Amino acid sequence: MAPYHSSSSAAELPADLVDSLGCKSPCDALLALADESERTAAKLAEELALCLSGVGGGVGKHSSSSTPSKRKSKLEAGDRDDARRVFPIPLPKSLRDAPRPAPSAASSSASSDGNGDYSVDNNGGGSSNPTPSRTLHKSNPSHPLTHATLAAESILSSLSKIASGGSAASSEMRALERRRQRVDAEALDLEHGLQIREGCVRGGDSLMGRRYADAARAVADVNAILDGKGAYVGKKATGRARELAGVEALAAHERTTEVLKRAIGERYEAAVRNGDVSGLSELTPLLGMLDMAELGVKLYLQYSQSCLCAAMSLEPPDVNAPIDLSNVPREEGMSRAAMRRRAEEQRLAQQNLSAPAKLARIYNAAVTHLRHHLPMVAYALGEADGDAALVQLIHVEAEKRAVDVMRECMAERELGRAVRRAEAVAGKVEDRYAGTGAER
């Protein structure tokens, strides 16, 4: 690369790259800085070559215009004199004065004296195989490198012991962990076996005493352990736990479950058939415990449909039927004759219901049934989508009756005929006024 000759003065030569950006001409400043760096590098290279060859006695000033022939002759002269070849940069004093470990007798290392004789240094200090750091410590115990070497050797020894003994300790820890897991599994199996036996006994005793709620809870607890459900998710009873529980206990559990399901199913069907609300409230939560939710949803929908049909009934009551005073609220001081008159007024009001009153009755019946029965169905039969089925049933029943009421109202008022007449009148009015406007 040819040197760059800048027209700027030497005062504008930047000290580094950062300063060159602040000059008037950054491009010229950078080129001048590169030229100066190249000359300095060439000068230092020549001085280093002369120093290594031993010519010139060290670092001196040499012109960059020296010819290659003179430089080559100087290097050849230095090669002929090996005694004068000395590296010009000395080592640090701490390394130059650092002690050297003496050879020990145990290592059987010998140094030749030039005549074929070998001398052995027996400064081992009574040790058969002293380490280099200990030998160094004996030769110069106060030097900082001696303490550093001893520390490094101690750390290396500790790490070696950890590496050799760590595998054994790790194997022992893994063996203890496997033993702990085995003991925990055995304890869990024993606990499950005892719980199964206790649940079977409790379920049988409750069923004998006709305490169906307690029997259902006991059966549900045993099923949760056997199937790994509920609080026992991931802790399903193993074959060992079943063996500890005993074949007799498992057989008794199956018999209790079968008898309990049959008894609760019969009682639930009777409650639905008779419209027993208290019986339904008592038995409906037990169906989910015994995996009878689908049967419960089916029967509960039958009960709800019968209730909705009675509540949404729009047929007028029979005039000849006896008056029922049970549905008439009795106020304080009200006589029986007053209650009879109020019942007759209610009967007459039901006979002459208007279309809005009928729609209001349908709406009130649907909302009342939904508010009273949906929470229990969602809690007890939610797994079988009983809540969604109940809402759909109420919607269908209310919509069907509302549509019938609207059709009866349209037929009674002759809305179709009135609409046709209104359209005819509107057409005549439009023709009259539109034609008058056109003539004007």
Side-chain angles (χ1 to χ4, degrees), residues 174 176-269 271 278-301 372-391:
R174 287 195 297 268
L176 291 175
E177 180 64 20
R178 287 193 295 268
R179 182 179 178 184
R180 184 193 66 80
Q181 293 177 358
R182 185 170 60 254
V183 172
D184 291 345
E186 293 176 357
L188 185 61
D189 291 341
L190 181 60
E191 181 182 0
H192 285 171
L194 294 176
Q195 289 178 350
I196 292 173
R197 292 179 65 88
E198 188 269 338
C200 294
V201 173
R202 181 160 48 91
D205 294 342
S206 300
L207 183 60
M208 292 295 293
R210 296 182 180 275
R211 299 189 303 273
Y212 296 110
D214 296 338
R217 280 190 288 269
V219 170
D221 293 341
V222 176
N223 289 335
I225 298 174
L226 295 176
D227 300 334
K229 298 180 181 179
Y232 298 91
V233 175
K235 299 179 181 179
K236 183 179 179 180
T238 60
R240 176 62 178 169
R242 295 173 182 267
E243 293 178 0
L244 293 174
V247 181
E248 297 81 2
L250 296 177
H253 172 67
E254 293 179 359
R255 290 194 301 270
T256 301
T257 304
E258 182 180 357
V259 174
L260 183 61
K261 285 184 176 181
R262 185 171 60 251
I264 291 181
E266 294 175 354
R267 290 170 60 88
Y268 200 79
E269 291 179 358
S278 61
L280 291 175
S281 301
E282 178 184 357
L283 298 175
T284 301
L286 306 182
L287 299 178
M289 299 181 184
L290 301 176
D291 298 332
M292 300 173 61
E294 295 181 358
L295 177 61
V297 171
K298 178 181 178 181
L299 296 176
Y300 207 95
L301 290 181
H372 288 173
H373 298 273
L374 183 59
M376 184 179 64
V377 173
Y379 169 75
L381 306 177
E383 295 181 357
D385 296 333
D387 49 353
L390 179 62
V391 172

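This structure is a prediction, so every number in the text was calculated from the model and none was measured.
In this structure, R202 places its CZ atom where more than 12 heavy-atom neighbours from other residues, nucleotides or ligands lie under 6.0 Å away.
In plain terms, the two heavy atoms of V297 and A389 that are nearest each other are CG1-CB, 4.3 Å. In terms of heavy atoms, G203 sits closest to A215 at O-CB, 3.9 Å. The two atoms that bring L244 and R197 nearest to each other are O-CD, 4.1 Å, heavy atoms only. The nearest pair of heavy atoms linking A293 to A384 is CB-CB, 3.7 Å. Nearest heavy atom pair, residue K261 against residue L290, reads CE-O, 3.0 Å. A pairwise comparison of heavy atoms in Q195 and I225 identifies OE1-CD1, 3.2 Å as the closest pair.
Salt bridge annotation for D184-R180: present, with a cationic side-chain nitrogen under 4.0 angstrom from a carboxylate oxygen. Salt bridge absent: R174 and E177 never bring a charged side-chain N and a carboxylate O closer than 4.0 Å.
Put simply, CG on D189 and CG on L194 are 11.0 Å apart, with the number rounded to the nearest 0.5 Å. With values rounded to the nearest 0.5 angstrom, T238 atom OG1 is found 8.5 Å from E243 atom CD. The structure places CD1 of I264 at 6.5 Å from CE of M292, a figure rounded to the nearest 0.5 Å. Distance OG/S278 to CG/L283: 9.0 Å, rounded to 0.5 Å. Summarising the geometry, atom NE2 belonging to H192 is positioned 7.0 Å from atom NZ belonging to K235; distances are rounded to the nearest 0.5 Å. With values rounded to the nearest 0.5 angstrom, H373 atom NE2 is found 8.5 Å from L280 atom CG.
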List the atom pairs, donor and acceptor, that lie under 3.5 Å between side-chain atoms in residues 249-256 and the rest of the protein, sequence neighbours left out.
from: H253; atom 1: NE2; to: N223; atom 2: OD1; distance (Å): 2.8
from: T256; atom 1: OG1; to: A252; atom 2: O; distance (Å): 2.8

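The shortest side-chain heavy-atom distance between I196 and L226 falls under the 4.5 Å cut-off. Looking at L287 and L295, their side chains never come closer than 4.5 Å, going by heavy atoms from C-beta outward.
With sequence neighbours excluded, the residues forming a side chain to side chain contact (heavy atoms under 4.5 Å, CB included) with A220 are M289, listed by chain and number.
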Checklist line | Worked verdict on R217 versus D214 for salt bridge (Lys or Arg N to Asp or Glu O under 4.0 Å) | finding: CA-CA 5 Å; R217 280 190 288 269; D214 296 338; 2.5 Å; yes
Checklist line | Working for side-chain contact (heavy atoms from CB on, under 4.5 Å), residues Y379 and D387 | finding: CA-CA 9 Å; Y379 169 75; D387 49 353; over 6 Å; no
